[in-house]
A.B. asks: 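The structure under discussion is supplied below as structure tokens; questions concerning it will follow.
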Amino acid sequence: MITDTHEKQLKTRQICLFFLAFTITNKLFTLPSTIASVCSSDAWLSSLFSVIIDTLSIVIMLVVSKNTDKDFFELLTTAFSRVGAIIVSAIYFIYFFLKSIIPIMEQREYIDLTLYIPNPSFLYFLPFFITCIYICSKKLRLLGRLSDILFTTTLLGFITLMALSVPHADFSNLLPVGINGVKKIFSGTFLSLNWFGDCVYFLFFIGNFKRSKKDGIKITLSYLFSGLLIVLFSMVFYGIFTSIAYRQKFSLTEISKYTTIINSTGRFDYLAIMLLLVSNVITISLPLFFCCKILERIFTVKNRFIMPVTISALSLLVNVLIYEHVYSTQKTLITFFGIFYCFILDFFRDKIGQKFVYYRLYKI
């Protein structure tokens, strides 16, 4: 999808580390409390189902792309013609742009609240969009290099946060399992679609890395492991806060505040939080990064700054206009647009997958 199919910009190792580095941090802000508001002690089951769905999607993508060196756009062109490829790519553009809204709003609100800014302004968050322009102007290779570096900060920050939090979690609060009913559990899974669905990124890695034996297993296990860390976080979060978990909006900060170490040494957990926030800058830039790459292929743009500046400016404008309506915007995106997310993750995955398999078997 990104460049000439003969140029392999990623290595299998980097794809594995990509999932560990950049698919965890954006789920540590408001997602746990959002799910807990629906299914309480079974919030971890909702997260688990989301992880299973995404992992199965990764497996399907690995199978249907096994014997091809074409990238995603080329496969779409082969299966649907160029017009069809443009239409499908445009739908994915809409998906990625919608997917970017909540994480960026979370990050901005988190900064406003945790830094206790008396008069919050979008100017405080402007450096993020400047960074985003730089990231989006680069090739896919940049994500591979960042994955090599930042997976350590993500894992170190997460492990430190868990080490401070787990001793204060009462896991008996998660029992009995499934007490809230299947309907509420799957409702929680539905509401979490905006945060999950990172498996779609892999579509744009197809054709950009050299496949070898057992690579599929490595990639699948890496994605599954990163997902299980989110499930663990959900279990610890509810084990600490129980019935008031839904009121703890930013779980990233709240989860470790009761540790005895902090009482004697200060907010030592902020070191772990800062490590996670460094990786999260890249994480929340990813949807906009792929938005730019989609438009570059649709319009064959050669200047590498046109699309990054345009998309980042549009994202900034949206953020400024709707920031005063954070709650209603989030509710709309995770409910009404949740149907659209299902459409992307299920219908297109299946239909495109069928076309890929047909192409691979019968050489259309």
Side-chain angles (χ1 to χ4, degrees), residues 16-36 40-48 50-51 55 103 106-107 110-111 113-115 146-175 177 192 195-196 198 221-284:
C16 294
L17 296 181
F18 171 87
F19 291 131
L20 294 175
F22 304 129
T23 63
I24 297 174
T25 55
N26 66 317
K27 302 176 182 65
L28 306 182
F29 289 87
T30 63
L31 175 62
S33 59
T34 299
I35 301 178
S40 302
S41 60
D42 292 322
W44 68 276
L45 284 176
S46 295
S47 296
L48 180 61
S50 294
V51 171
T55 303
E106 284 179 345
Q107 186 83 349
Y110 182 79
I111 290 174
L113 294 178
T114 56
L115 296 182
L146 289 173
S147 300
D148 282 331
I149 299 171
L150 294 181
F151 88 95
T152 55
T153 64
T154 300
L155 292 182
L156 183 59
F158 186 88
I159 291 171
T160 303
L161 205 60
M162 287 295 95
L164 294 172
S165 305
V166 168
H168 302 280
D170 183 359
F171 292 102
S172 65
N173 292 322
L174 303 176
L175 301 174
V177 176
S192 68
W195 288 274
F196 285 95
D198 297 317
L221 291 179
S222 298
Y223 191 89
L224 179 61
F225 179 70
S226 66
L228 292 179
L229 291 182
I230 300 303
V231 175
L232 172 63
F233 187 89
S234 298
M235 296 174 72
V236 174
F237 177 70
Y238 195 85
I240 293 174
F241 294 105
T242 63
S243 59
I244 63 170
Y246 73 96
R247 297 171 59 183
Q248 313 302 313
K249 185 171 185 179
F250 292 111
S251 54
L252 181 66
T253 305
E254 302 295 332
I255 194 171
S256 59
K257 67 181 183 181
Y258 295 124
T259 180
T260 54
I261 296 177
I262 290 176
N263 290 334
S264 58
T265 63
R267 292 305 300 265
F268 179 73
D269 59 328
Y270 273 5
L271 294 177
I273 292 172
M274 288 302 298
L275 290 173
L276 292 170
L277 290 178
V278 169
S279 298
N280 196 53
V281 171
I282 311 301
T283 300
I284 62 179

A.B. asks: Can you check whether M162 reaches I255 side chain to side chain, under 4.5 Å on heavy atoms?
C.D. replies: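 Of all side-chain heavy-atom pairs linking I255 with M162, at least one is under 4.5 Å.
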A.B. asks: Work out which heavy atom in S192 is nearest to a heavy atom in L31; give both atom names and the distance.
C.D. replies: CB-CD1, 3.6 Å
A.B. asks: Got a donor-acceptor contact below 3.5 angstrom from the T283 side chain to the F22 backbone?
C.D. replies: yes
A.B. asks: Search all heavy atoms of V281 against all heavy atoms of I284 and return the closest pair with its distance.
C.D. replies: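 Closest pair (atom of V281, atom of I284, distance): O-CG1, 3.6 Å.
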A.B. asks: Identify the heavy atoms of V236 and S165 that sit nearest to each other, and give their distance.
C.D. replies: CG1-CB, 3.9 Å
A.B. asks: When you look at L156 and T153, which way does the side chain to side chain contact (heavy atoms under 4.5 Å, CB included) test go after all the steps?
C.D. replies: CA-CA 5 Å; L156 183 59; T153 64; 5.9 Å; no
A.B. asks: For S47, run the side-chain contact (heavy atoms from CB on, under 4.5 Å) check against L228, V231, L232 and tell me which one passes.
C.D. replies: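 When side-chain contact (heavy atoms from CB on, under 4.5 Å) is applied between S47 and each of L228, V231, L232, only V231 qualifies.
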A.B. asks: Hey, what do you get for CG (D170) to CG (L175), rounding to the nearest 0.5 Å?
C.D. replies: 9.0 Å
A.B. asks: Enumerate, atom names and distances included, each donor-acceptor pair closer than 3.5 Å involving a side-chain atom of residues 242-251, sequence neighbours excluded.
C.D. replies:
unit_1	atom_1	unit_2	atom_2	d
Q248	NE2	I244	O	3.4
K249	NZ	E109	OE1	3.0
K249	NZ	E109	OE2	2.6
S251	OG	L28	O	2.9
S251	OG	F29	O	3.1

A.B. asks: What verdict does the side chain to side chain contact (heavy atoms under 4.5 Å, CB included) test give for T253 and Y270, after you've listed the backbone C-alpha separation in whole Å, the side-chain angles of each residue and the deciding distance to 0.1 Å?
C.D. replies: CA-CA 8 Å; T253 305; Y270 273 5; 4.1 Å; yes
A.B. asks: Side-chain contact test, heavy atoms from C-beta onward, threshold under 4.5 Å: evaluate it for D198 versus K27 and give yes or no.
C.D. replies: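 Touching, per the 4.5 Å side-chain cut-off.
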A.B. asks: Pick from T154, L224, V51, L155: which one makes a side-chain contact (heavy atoms from CB on, under 4.5 Å) with L229?
C.D. replies: L155
A.B. asks: Find out whether L161 and L252 are in side-chain contact, i.e. whether some heavy atom of one side chain is under 4.5 Å from a heavy atom of the other.
C.D. replies: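 The answer is yes; the side chains approach within 4.5 Å.
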A.B. asks: How long is the gap from OH on Y238 to CG on N173, to the nearest 0.5 Å?
C.D. replies: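 One finds 7.0 Å between OH of Y238 and CG of N173.
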A.B. asks: Give the C-alpha distance, both sets of side-chain angles, the deciding distance and a yes or no for side chain to side chain contact (heavy atoms under 4.5 Å, CB included) between F18 and I282.
C.D. replies: CA-CA 11 Å; F18 171 87; I282 311 301; over 6 Å; no
A.B. asks: Rounded to the nearest 0.5 Å, how far apart are CG of L271 and OG1 of T160?
C.D. replies: 8.5 Å
A.B. asks: Is the shortest heavy-atom distance from the side chain of Y110 to the side chain of I273 under 4.5 Å?
C.D. replies: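 Yes - at least one pair of side-chain heavy atoms lies under 4.5 Å apart.
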A.B. asks: Please report the shortest heavy-atom distance between A21 and L150, naming the atom on each side.
C.D. replies: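 Looking at all heavy atoms of both residues, the closest pair is CB-C, 4.0 Å.
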A.B. asks: Does any donor atom in the side chain of T25 or S279 lie under 3.5 Å from an acceptor atom in the other side chain?
C.D. replies: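 No donor-acceptor contact under 3.5 Å links the two side chains.
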A.B. asks: Relative to the ring of F233, is the ring of F237 parallel (under 30°), tilted (30 to 60°) or perpendicular (over 60°)?
C.D. replies: parallel
A.B. asks: Between T23 and S226, which heavy-atom pair has the shortest distance, and what is it?
C.D. replies: OG1-OG, 3.3 Å
A.B. asks: Starting at OG of S147, measure out to CG of L20 and round the result to the nearest 0.5 Å.
C.D. replies: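 Between atom OG of S147 and atom CG of L20 there are 9.0 Å.
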A.B. asks: Please name all residues satisfying side chain to side chain contact (heavy atoms under 4.5 Å, CB included) with S222, sequence neighbours left out, ordered by chain then number.
C.D. replies: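 Partners of S222 under the side chain to side chain contact (heavy atoms under 4.5 Å, CB included) test: C16.
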A.B. asks: Taking ring-ring contact (aromatic ring centres under 6.0 Å, His included) as the test, write out the residues that go with Y223, two or more places apart.
C.D. replies: F19
A.B. asks: Would you sort out whether I230 and F196 count as a side chain to side chain contact (heavy atoms under 4.5 Å, CB included), showing the intermediate values?
C.D. replies: CA-CA 10 Å; I230 300 303; F196 285 95; 4.0 Å; yes
A.B. asks: Where is the tightest heavy-atom contact between M235 and W44, given as atom of each residue plus distance?
C.D. replies: CG-CB, 3.4 Å
